[in-house]
S.K.: 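Take this structure, written in structure tokens, and hold onto it; I'll ask about it next.
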Amino acid sequence: MGYNFNEIEKKWQAYWRNNKIYHVTETPDKAKIYVLDMFPYPSGAGLHVGHPLGYIASDIYSRYKRLQGYNVLHPMGYDAYGLPAEQYAIQTGQHPAITTLKNIERYRSQMDKIGFCYDWDREIRTCEPDYYKWTQWAFIRMFESYYSYEVQQARPISELIATFEQQGTQNLNLACTESLTFTAEEWNVKTEKEKQAILMNYRIAYLADTMVNWCPALGTVLANDEVSEGISIRGGYPVEQRKMRQWSLRVSAYAQRLLDGLNVIDWTESLKETQRNWIGRSEGAEILFKVKALDYEFPVFTTRADTLFGVTFMVLAPESDLVPLLTTEAQREAVQKYLDKTKKRTERERIADRKVTGVFSGSYAVNPVNGTEIPVWISDYVLAGYGTGAIMAVPAHDSRDYAFAKHFHLPIIPLIEGADVSNESFDAKEGMMVNSGFLNGLTVKEAIQKAKEYIAEQHLGHVKVNYRLRDAIFSRQRYWGEPFPIYYKDGMPYPVALEDLPIKLPEIDKFLPTESGEPPLGRAKDWIYEENGVKYPLELATMPGFAGSSAYYLRYEDPCNDKALVSSEANRYWRNVDLYIGGTEHATGHLIYSRFWNKFLFDLGIVCEDEPFKRLINQGMIQGRSNFVYRIKDTNTFVSFNLRAQYEVTPIHVDVNIVSNDVLDIEKFRAWNPEYKNAEFILESGKYICGWAVEKMSKSMYNVVNPDDIVEKYGADTLRLYEMFLGPLEQSKPWDTNGIDGVHRFLRKLWNLFYKNDNLCVCETSPNLEELKSIHKLIKKVSYDIEHFSFNTSVAAFMICVNELTGLQCNKKAVLSDLIVVLAPFAPHIAEELWHALGNTTTVCDARFPDFDEKYLKESHVVYTVSFNGKARFTIELPVNTAAPDVEKAVLNHQNSQKWLEGNTIRKVIVVPNKIVNIVVG
RNA sequence: GCCCGGAUGGUGGAAUGGUAGACACGCAAGACUUAAAAUCUUGUGACCAUCGCGGUUGUGCGGGUUCAAGUCCCGCUCCGGGUACCA
């Protein structure tokens with residue numbers, strides 16, 4: 001009979017569920033820990049063996065913390081809105097809600113089999129009206145807020161209106177789309193519509209004409225983090241730049257706080273660095289250039305104010321508002337031709353073929369430091385969205401300007417002593433300034449500083465910090481997402497009343513855009529909002545995927561509250577997430593938006609912590625490990641891996657589930673595909689050995705391993721231990737079922753410590769010193785490892801301990817009891833079973849994690865390694881903590897030393913207590 | 001191009017600067033068995049060896065610091081990830 005894992009696991013999973021073992025409530029006298037997994041998007045393919053990796057790690061941590069007496073919040077839910085369900089709906093007509101529900105059920109059943117300690121009473125789904133009510137609510141609060149740089153905080157828009165009424169825009173430092181200036185008098189005489197238009201310029205959730213990533217194939221716009229190299233991340237379709245009226249979130253207002261916050265959270269340095277780069281702070285100056293022959297000036301941003309004397313031309317982005325203004329009559333046709341051409345180029349094409357292109361606008365600007373007249377060009381190497389959409393070009397010291405100058409034969413003036421710019425630009429910020437008027441003789445760094453001061457003093461511009469971080473485009477022209485709680489009156493957007501939330505997603509007949517090109521919601525009947533008996537149209541776009549995932553961790557704290565996103569009591573108790581585990585792919589998306597969203601709620605006083613995730617661990621990706629068979633060309637004969645060189649062969653992917661330790665199950669292979677029914681094999685040592693390669697885990701490579709199958713064959717505890725044993729949590733690694741037997745054997749050995757011939761065989765005798773030493777070594781190691789997320793070495797420690805106890809034939813209850821509790825976070829089912837077998841009536845989850853006692857770990861004797869000139873020669877055993885001179889004496893008198901000492905003089909002896917003796921001779 | 005990681009046996013991987021290769025897989029030999037599977041025991045970096053003494057060599061490459069370097073420093077090579085006309 002022995003270790004019947006299937007029965008045990010089913011039994012205890014039911015017990016945990018029926019007794020609500022993992023349900024938690026706010027318990028003020030108990031310290032809390034909040035452990036969170038990034039909730040999954042329930043895809044149609046179900047979980048593969050890579051998905052639970054992080055879940056297992058967080059589960060171990062949660063269970064461990066609970067054993068230490070903490071009140072552990074460990075919830076799970078679903079990021080249920082998303083493109084795949086909608087694409088599937090378009091193809092099949094199946095409603096995305098149905099597909100999503102089905103997938104959620106599949107995910108749940110798969111997760112249940114692994115034995116996680118989630119509090120399922122707190123489950124959330126982003127597509128449920130009870131949940132997205134609060135997504136919509138937060139959006140309205142953003143709509144009704146502006147951001148003040150003065151107090152570095154979001155403030156209610158009503159405050160701003162009051163300020164405008166009294167002082168206009170005077171002395172205000174606000175986050176805005178474009179900077180406006182007006183007096184109180186001017187404001188007060190504006191119409192309602194004009195006022196609304198102005199306020200839109202300041203709202204944190206705002207509607208504006210912005211350049212967006214438009215994906216024609218998906219029929220929607222995408223945020224910057226949803227596009228990579230001009231291709232949509234979901235689906236891989238080309239994306240183009242287009243100016244459209246869209247909802248955006250003013251994330252950029254929080255750029256500095258998002259940057260500063262990184263210093264106080266415990267995330268990996270590489271992830272913080274990725275966010276720092278994405279936020280992209282750069283210090284520089286905004287400098288005003290006058291346009292010759294026009295009473296007009298425009299600003300450019302530069303980090304190299306020191307190079308002002310080397311400006312030989314200016315460049316505008318093709319989309320810049322300055323283009324029509326500065327284009328002269330003579331150049332109008334040429335400019336228009338250029339604009340038409342660049343507009344046609346997709347982002348992808350621009351990246352793929354980085355040819356220098358551009359056109360002269362006809363206008364000249366005036367260099368503010370020396371009055372030189374410089375031509376203004378237009379080129380797509382300047383981006384409209386960064387800085388001011390215009391640059392001063394210094395070809396001598398910027399490689400992009402250099403390429404442009406060479407191509408159009410524009411002058412290049414070197415400004416740094418000794419810089420050779422005949423073949424390439426000199427971009428480094430080092431050297432001595434020349435040809436630079438008042439900057440001559442300074443180093444580049446000094447010159448940057450001096451130039452900035454000069455610009456400010458002479459009112460040529462001002463010092464400025466720029467951020468690469470853009471506002472998040474928040475509209476999606478899709479069906480399967482949260483509807484906006486916004487209606488239109490007189491063409492202007494207004495939020496619906498809070499008591500009318502949620503605005504539920506309407507039913508529609510088809511999941512496609514309307515014939516007139518409106519988003520799918522244009523098909524909904526009665527998609528209107530009634531106010532005082534008047535009907536107004538509702539917004540047709542829906543929110544993007546990150547809307548629902550930005551504050552979900554808060555909702556777990558109080559999932560059923562219909563009065564607030566989270567009550568302040570619940571939030572003050574659970575606060576923020578202590579440990580967040582998830583993939584690094586969310587570094588510039590979800591993890592930025594969540595931090596932004598949380599900071600906004602913090603400003604409003606809704607949450608008590610400024611940062612949502614205190615500590616974050618990125619689990620590595622689990623790749624697939626594909627297997628190959630080798631078919632001899634033009635035959636149905638397959639040759640084993642090591643013999644394949646003798647033939648001309650084609651490698652063919654074979655399902656990894658019919659291969660074991662790289663040995664092919666020939667019968668299953670014949671049954672796998674009718675084509676191979678009569679396949680012949682050339683074997684080696686009676687076996688067919690397959691080749692292998694590491695690839696992405698995917699259906700087409702036949703390398704997907706379903707956790708259900710592993711659980712069925714080896715049990716959930718083996719799966720959990722094996723996933724941890726595979727390697728360091730944060731490292732990417734291929735899934736390789738070879739080796740799982742070793743972990744499974746360990747659990748059987750553990751079982752056999754308790755049972756002899758199916759009889760429980762445990763005695764009450766007090767443990768001896770050796771047994772205590774073994775178990776305390778384990779307790780110490782595992783406690784250290786869990787805090788450091790070094791689970792693979794913990795599993796090794798368990799194996800060592802069980803081997804030792806087996807060798808000692810230990811069946812002492814006291815020792816085995818501790819062993820089970822220490823193992824419980826890793827292998828909860830077998831631990832629970834054995835815990836009850838020992839006569840305990842309560843769950844092992846409520847046991848106390850044992851403390852280790854140093855006194856059992858002390859050795860009476862230690863082994864010294866003796867080296868001569870750094871080379872280890874022999875070892876000797878001495879009593880622990882022997883004084884250094886005595887160690888030295890013992891070593892030098894040792895007979896093994898004589899041969900190394902012969903004919904040499906001792907120059908130096910180093911004694912490392914309890915470890916090493918190194919003798920330098922010569 | 002820039003910014004992070006990483007490189008250790010046949011394989012996955014262990015090693016607060018302390019004298020490599022924990023643990024596991026695989027492999028080999030042995031025990032049990034009519035046999036196989038399972039289980040158990042032993043061995044297993046490479047090379048040399050009068051194969052149960054003993055020795056040489058060894059953590060991507062080249063230098064350096066140190067009594068002592070996989071680990072620290074300098075210079076490379078290769079691999080992985082992120083990001084990119086960001087002025």
S.K.: Mind checking A:Val912 for me? I need base, sugar-phosphate or nothing, with any heavy atom below 4.0 Å counting as a touch.
M.R.: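 If one applies the 4.0 Å heavy-atom cut-off, A:Val912 turns out to touch a base.
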S.K.: Any donor-acceptor pair under 3.5 Å joining the side chain of A:Lys908 to the base of B:U66?
M.R.: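 By the distance-only test, no, there is no pair.
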S.K.: What interatomic distance, in whole Å, is found between P of B:A28 and the corresponding atom of B:U19?
M.R.: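 Looking at atom P only, B:U19 and B:A28 are 34 Å apart.
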S.K.: Using a cut-off of 4.0 Å between protein heavy atoms and nucleotide atoms, how would you tag nucleotides 21-29 of chain B 5' to 3' with B, S and -?
M.R.: -BBSSSS--
S.K.: Indicate, with a heavy-atom threshold strictly under 4.0 Å, whether A:Asp736 touches base, sugar-phosphate, or nothing.
M.R.: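 No contact.
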S.K.: Pick the P atom in B:C78 and in B:G52, then give their distance to the nearest Å.
M.R.: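 Roughly 46 Å separates the two P atoms.
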S.K.: If I pick the C1' atom on B:G21 and the same atom on B:G9, what distance separates them, to the nearest angstrom?
M.R.: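 Taking atom C1' in both B:G9 and B:G21, they lie 7 Å apart.
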S.K.: Between A:Thr302 and A:Arg625, which has a closest nucleotide on RNA chain B that is more 5'?
M.R.: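 Closest to the 5' end, via its nearest nucleotide, is A:Arg625.
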S.K.: Tell me whether the side-chain N/O atoms of A:Lys733 come closer than 4.0 Å to OP1 or OP2 in B:G12.
M.R.: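 No, because none of the side-chain N or O atoms of A:Lys733 sits under 4.0 Å from OP1 or OP2 of B:G12.
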S.K.: Is the CD atom of A:Gln809 crowded by more than 12 outside heavy atoms at less than 6.0 Å?
M.R.: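 No.
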S.K.: Using a distance-only test with no angle check, is there a side-chain donor-acceptor pair under 3.5 angstrom linking A:Tyr338 and A:Thr357?
M.R.: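 A donor-acceptor contact under 3.5 Å links the two side chains.
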S.K.: Is it true that A:Glu269 and A:Arg276 make a salt bridge, defined as a side-chain N closer than 4.0 Å to a carboxylate O?
M.R.: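 Looking at A:Arg276 together with A:Glu269, the answer is yes, because their closest N to O distance falls below 4.0 Å.
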S.K.: Which is true for A:Thr274 with a 4.0 Å heavy-atom rule: it touches a base, it touches only sugar-phosphate, or it touches nothing?
M.R.: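 Since only primed, P, OP1 and OP2 atoms lie under 4.0 Å of A:Thr274, the category is sugar-phosphate.
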S.K.: Counting only side-chain N and O atoms of A:Tyr386, is one of them less than 4.0 Å from OP1 or OP2 of B:A87?
M.R.: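 The answer is yes; a side-chain N or O of A:Tyr386 sits under 4.0 Å from OP1 or OP2.
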S.K.: Partner of B:C2 by Watson-Crick or G-U wobble geometry, both contacts under 3.5 Å, or none?
M.R.: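 For B:C2, the partner nucleotide comes out as B:G82, under the 3.5 Å rule.
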S.K.: Is A:Asn803 atom CG crowded by more than 12 heavy atoms from other residues, nucleotides or ligands, each under 6.0 Å away?
M.R.: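 It does: A:Asn803 CG has more than 12 such atoms within range.
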S.K.: At under 4.0 Å, does any side-chain N or O of A:Arg468 touch on OP1 or OP2 of B:C2?
M.R.: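 Negative; the distance criterion is not met.
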S.K.: Could you work out the separation of B:C2 and B:U56 based on their P atoms and round it to a whole Å?
M.R.: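 B:C2 and B:U56 have their P atoms separated by 45 Å.
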S.K.: Under 4.0 Å between a side-chain N or O of A:Ser732 and OP1 or OP2 of B:G80?
M.R.: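 No.
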S.K.: Could you state the CG-C1' distance from A:Leu729 to B:G12, rounded to the nearest angstrom?
M.R.: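 Computing the A:Leu729:CG to B:G12:C1' distance gives 16 Å.
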S.K.: Check this one for me: any side-chain N or O of A:Lys464 less than 4.0 Å away from OP1 or OP2 of B:A87?
M.R.: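 For A:Lys464, the contact criterion (side-chain N or O under 4.0 Å from OP1 or OP2 of B:A87) is not met.
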S.K.: Can you find a side chain N or O atom of A:Gln731 that sits less than 4.0 Å from OP1 or OP2 on B:G13?
M.R.: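 Yes, because at least one side-chain N or O of A:Gln731 sits under 4.0 Å from OP1 or OP2 of B:G13.
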S.K.: Could you let me know what B:U50 is paired to, Watson-Crick or G-U wobble, both distances under 3.5 Å, or none if it's on its own?
M.R.: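 The base-pairing partner of B:U50, which may sit in any strand shown, does not exist here.
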S.K.: For the side chain of A:Asn918 and the backbone of A:Gly870, is there at least one donor-acceptor N/O pair under 3.5 Å apart?
M.R.: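 Side chain of A:Asn918 to backbone of A:Gly870: a pair is present.
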S.K.: Roughly how far apart, to the nearest Å, are B:A14 and B:G6 at atom P?
M.R.: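 It comes out at 12 Å once rounded to the nearest Å.
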S.K.: Now, which nucleotide makes the Watson-Crick or G-U wobble pair with B:G30, with each of the two distances under 3.5 Å?
M.R.: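 Paired with B:C40.
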S.K.: Once you round it to whole Å, what is the distance between C1' of B:C3 and CG of A:Leu271?
M.R.: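 Interatomic distance, CG of A:Leu271 to C1' of B:C3: 14 Å.
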S.K.: Describe the nucleic acid contact of A:Ile910 in one word from base, sugar-phosphate, nothing, applying a heavy-atom distance below 4.0 Å.
M.R.: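 A:Ile910: base contact, heavy atoms under 4.0 Å.
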S.K.: B:C4 P sits how many Å from A:Glu273 CD, rounded?
M.R.: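 Rounded to whole Å, this separation is 6 Å.
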S.K.: Please check: side-chain N/O of A:Tyr864 versus main-chain N/O of A:Asn914, any donor-acceptor pairing under 3.5 Å?
M.R.: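 Between the backbone of A:Asn914 and the side chain of A:Tyr864 there is a qualifying donor-acceptor contact (under 3.5 Å).
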S.K.: Using the C1' atom on both, measure B:G70 against B:U8 and round to a whole Å.
M.R.: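 Roughly 7 Å separates the two C1' atoms.
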S.K.: Could you tell me whether the side chain of A:Ser867 has a donor or acceptor atom within less than 3.5 Å of a complementary atom in the base of B:U19?
M.R.: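 Between B:U19 and A:Ser867, which were checked side chain against base, a qualifying N/O pair under 3.5 Å is present.
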S.K.: Measuring only the P atom in each nucleotide, how far is B:C76 from B:C27? A whole number of Å is fine.
M.R.: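 One P to the other, the span is 44 Å.
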S.K.: Rounding to an integer number of Å, can you tell me how far A:Asn277 CG sits from B:G5 P?
M.R.: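 Spelled out: CG on A:Asn277 to P on B:G5 is 12 Å.
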S.K.: Syn or anti: how is B:C51 classified when any glycosidic angle within 90° of 0 counts as syn?
M.R.: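 Nucleotide B:C51 adopts syn.
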S.K.: For B:U57, which nucleotide in any strand shown is its Watson-Crick or wobble partner with both distances under 3.5 Å?
M.R.: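 The answer is B:G45, by the H-bond criterion.
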S.K.: Which value, in whole Å, describes the distance between the P atoms of nucleotides B:G12 and B:G60?
M.R.: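 Nearest-Å result for B:G12 against B:G60 at atom P: 14 Å.
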